[in-house]
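So the structure is just underneath, and the comments pick up after that.
What's counted below: heavy atoms across the whole structure, side chains too, no hydrogens, waters or symmetry copies. We count residues from 1, following the sequence as given.
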Amino acid sequence: MAQAKLVDMTTGSPYKRIIQFAVPMLLGNLFQVLYNTVDSIIVGNFLGTQALAAVGAGNPFIFGLISFFVGLGLAATVMVSQAVGAHDYDKVHMVSNTIYKLSAYLAVPFTIIGVFGAQSVLSLLNVPNDGTLTLATEYLQVIFLGLIFTLGYNLNAGLLQGLGDSVTSLKLLASSALINIVLDLLFVGPLGLGVRGAALATILSQAFSWIMGLIHINRKVAYVKLNLAKLDFDRSLVRESLTIGIPSALQNVIFSLGAMTMYSLINSYGFVFTAGFNGANKIDTLVFLPVQSLANATTTYVGQNVGAKNMPRVQNGLRAALILNVGIALVTSGITYPLSRFLLGLFGDDPGMIETGLYYLHAVLPLYFLLAILFTLNGALRGVGKATMPMVTSMVSLWLARIPTAYYIAHHFGKEYIYYCYGIGWFIGCLLSASFFYFGSWRKNFQWEMQSQDDGADQVADADPTLQRAELEAEETDTK
């Protein structure tokens, strides 16, 4: 049976390896964000500005509840990539099974909390009780009923990323996005299911992506078998995964609580202001995709080379990732800025919604290069297994910089300027993460085997069951 083709990050040009891994991931993330964006576009045009505000009102709550599972997905990426780099394929199998089983234990209580806690949390977020609260509650409850599918997809994506396979996630998400668009148009349009229809389309498309991903892993990755009826379990790996995953999960929880605090401020200005923020946030997320994809590729690159004990290659790869990410951030934000009004118009023709969305985009886009630096550095820190510092960075930049600044600006200068708080938070985060990566004491704890490898060589590893490296066919000079 043909095996999945994976990317070996321990040889070849760092630029080419990172791009080779990031591009399929970027396209996959693009499809994922597009089908979320299509939800908003269809809802805004079919159901109106109030419904558009409702489907985005609970985003921080959703993110907060699934943060633990996102952390486990990250732990899977780091642990699997390090095991692949060390050619320990038994550990790859055990990590995959253990994290899957741990997630299954926790899925039910998180679903219950989401379904029954939705309305109370939305009330705390100052969602207006003018019909918006009811619509937002309906949307969230359906989303949480399908939480298991979201969790399953995230775990599959984490495992595949650690293995070096970002192409499969792309294929699955492309198919899932098409299914979601068709179901959105059907459920919200002719069937008239309203915001519940948009949520149902999302969870059904995610269910497809999860199931097909599970089938792919079992069929194409010879040293990983995921039998949901009988998953292997290693308690020591649970401890290791929690050591890596909990800091990331806490970071995400901290972020979601901060986002809730921001949403509470934003929602206090009415559903038109909230709808403008939600539309602009969807556009912002599209611009963020290259930053996120390159940062995730950096995590896998660093993780595999940590497993191979090649510190010089880790440093070279981080430099390449920073150059790539900052350059792309400048290009994408520069293109999007003059198109902001047109793009917001896709979500509806309400002039108030468009104007409030412009407040957001015109404040954050010019400073996107700071976000690129921050995420790349944090991706590298997670790749070496030091996930605590990104958590600290997020806590400080969010709670001590962004949120206080937002409320100060809103009080003294007006709601039109509150989004400048994002750039301030990113700048503080960059200073902290750079200091820890380049000068932190963690570097002294690693005993690196100095390996002589030509970073200019271009090699793609064909992932047979033992992931043996192919002979290099030619030496290439890195011209970037």
Side-chain angles (χ1 to χ4, degrees), residues 32-33 35-44 46-70 106-154 176 180 183-184 187-188 191-207 209-210 249 252-253 255-268 270-271 273-275 277-279 281-282 285 347:
Q32 185 174 26
V33 171
Y35 76 62
N36 290 330
T37 303
V38 167
D39 275 348
S40 297
I41 291 174
I42 292 175
V43 167
F46 277 78
L47 303 177
T49 302
Q50 187 175 50
L52 174 61
V55 299
N59 284 342
F61 182 42
I62 297 172
F63 187 70
L65 271 191
I66 69 171
S67 289
F68 185 80
F69 299 93
V70 172
L106 297 170
V108 173
F110 277 75
T111 299
I112 293 172
I113 292 171
V115 171
F116 291 100
Q119 184 167 351
S120 298
V121 172
L122 290 168
S123 297
L124 290 175
L125 294 178
N126 284 331
V127 175
N129 193 15
D130 55 1
T132 310
L133 177 62
T134 300
L135 292 173
T137 302
E138 292 174 357
Y139 181 82
L140 276 190
Q141 286 177 335
V142 176
I143 289 292
F144 279 116
L145 285 173
L147 183 63
I148 185 64
F149 305 130
T150 304
L151 303 182
Y153 164 73
N154 282 329
S176 179
N180 183 74
L183 293 179
D184 257 332
F187 292 164
V188 177
L191 295 183
L193 298 180
V195 294
R196 286 195 182 100
L200 184 60
T202 296
I203 64 173
L204 289 177
S205 61
Q206 288 178 339
S209 182
W210 170 48
N252 290 334
V253 169
F255 174 83
S256 66
L257 290 174
M260 288 181 187
T261 307
M262 285 291 296
Y263 268 64
S264 180
L265 175 63
I266 292 164
N267 290 334
S268 69
F271 72 80
F273 196 87
T274 300
F277 170 77
N278 288 339
N281 188 254
K282 297 296 183 185
T285 302
F347 295 88

> Is the backbone N or O of Gly117 less than 3.5 Å from a side-chain atom of Ser120, with the two atoms forming a donor-acceptor pair by type?
Replying inline: no
Keeping the roles fixed (side chain from Thr261, backbone from Leu257), state whether a donor-acceptor pair exists under 3.5 Å.
yes
If I take atom [atom1] from residue [X] and atom [atom2] from residue [Y], how far apart are they, to the nearest 0.5 angstrom?
{"X": "Thr37", "Y": "Ile42", "atom1": "OG1", "atom2": "CD1", "result": "11.0 Å"}
{"X": "Asn267", "Y": "Met262", "atom1": "CG", "atom2": "CE", "result": "11.0 Å"}
{"X": "Asn278", "Y": "Phe271", "atom1": "CG", "atom2": "CZ", "result": "12.5 Å"}
{"X": "Leu183", "Y": "Phe187", "atom1": "CG", "atom2": "CZ", "result": "4.5 Å"}
{"X": "Ser205", "Y": "Tyr153", "atom1": "OG", "atom2": "OH", "result": "11.0 Å"}
{"X": "Ile266", "Y": "Phe277", "atom1": "CD1", "atom2": "CZ", "result": "4.0 Å"}

Within the 4.5 Å heavy-atom criterion, are [X] and [Y] side-chain neighbours or not?
{"X": "Val55", "Y": "Ser40", "result": "yes"}
{"X": "Thr202", "Y": "Asn180", "result": "yes"}
{"X": "Lys282", "Y": "Ile41", "result": "no"}

Do any side-chain atoms of residues 134-152 form donor-acceptor pairs under 3.5 angstrom with protein atoms, and if so which ones, sequence neighbours left out?
unit_1: Thr137; atom_1: OG1; unit_2: Leu133; atom_2: O; d: 2.8
unit_1: Gln141; atom_1: NE2; unit_2: Val115; atom_2: O; d: 3.3
unit_1: Thr150; atom_1: OG1; unit_2: Gln206; atom_2: OE1; d: 2.6

Closest heavy-atom pair, Val43 versus Ala198, reported as atoms and distance to 0.1 Å, is CG2-CB, 3.9 Å
Note: Gly194 and Val188 closest approach over all heavy atoms is O-CG2, 3.7 Å
